[in-house]
Student: 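The structure that follows is given in the form of structure tokens.
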Amino acid sequence: EDRDEAKKVMYVSGTFVGMIIGRGGESIKAMSRESGARIEVSKDDLGDRDADRTVTILGTQDAVDKASRMIEDIVSRSEEEPHFGPA
């Protein structure tokens, strides 16, 4: 068995962090379960909701790749949603 831990750090706009974490952490827990990776989001230290936050993904290379694709999917779907710009 391959015990090598891979690590990937992504920078995500604070706007999307809520979508990645989900209500009560549901979304991030589901991604963790599905990918097999540990996903950690940095705390919002500055109280600036829109500041970039770091998302650290840990696990096997496969798990890390899978989890990072899931997060990229959420972000790209969210960017397409019209509710961010002026109506």
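All values reported here derive from a predicted model rather than from experimental measurement.
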Student: For the CD atom of E34 and the CE atom of M70, what is their distance to the nearest 0.5 Å?
Tutor: 3.5 Å
Student: One pair to check against side-chain contact (heavy atoms from CB on, under 4.5 Å): I28 and V41. What are the steps and the verdict?
Tutor: CA-CA 9 Å; I28 198 165; V41 179; 3.6 Å; yes
Student: Give the cluster check for M19 versus V75: same hydrophobic cluster or not, with ILVMFWY residues linked at side-chain heavy-atom distances below 4.5 Å.
Tutor: yes
Student: Verify side-chain contact (heavy atoms from CB on, under 4.5 Å) between S35 and D62, making sure each step is shown before the conclusion.
Tutor: CA-CA 8 Å; S35 64; D62 276 357; over 6 Å; no
Student: What distance do Q61 atom CD and K7 atom NZ have between them, rounded to the nearest 0.5 Å?
Tutor: 13.5 Å
Student: Specify the closest pair of heavy atoms between A6 and T60, including all atoms of both residues, with the distance to one decimal.
Tutor: CB-C, 4.1 Å
Student: Can you tell me how far the OG atom of S32 sits from the CD1 atom of I39, to the nearest 0.5 Å?
Tutor: 4.0 Å
Student: Quick one: are I71 and V55 in side-chain contact, heavy atoms under 4.5 Å?
Tutor: yes
Student: Would you call E40 and R38 a salt bridge, using N to O less than 4.0 angstrom?
Tutor: yes
Student: CE of M10 to OG1 of T54: how many Å apart, nearest 0.5 Å?
Tutor: 11.5 Å
Student: Is S78 reaching over with its side chain to a backbone N or O of F16, donor-acceptor style, under 3.5 angstrom?
Tutor: no
Student: Applying the side chain to side chain contact (heavy atoms under 4.5 Å, CB included) criterion to M31, which one of I57, I20, D73, I21 satisfies it?
Tutor: I20
Student: Using modelled atom types and a 3.5 Å cut-off, is there a donor and acceptor pairing between side-chain atoms of R53 and backbone atoms of V12?
Tutor: no
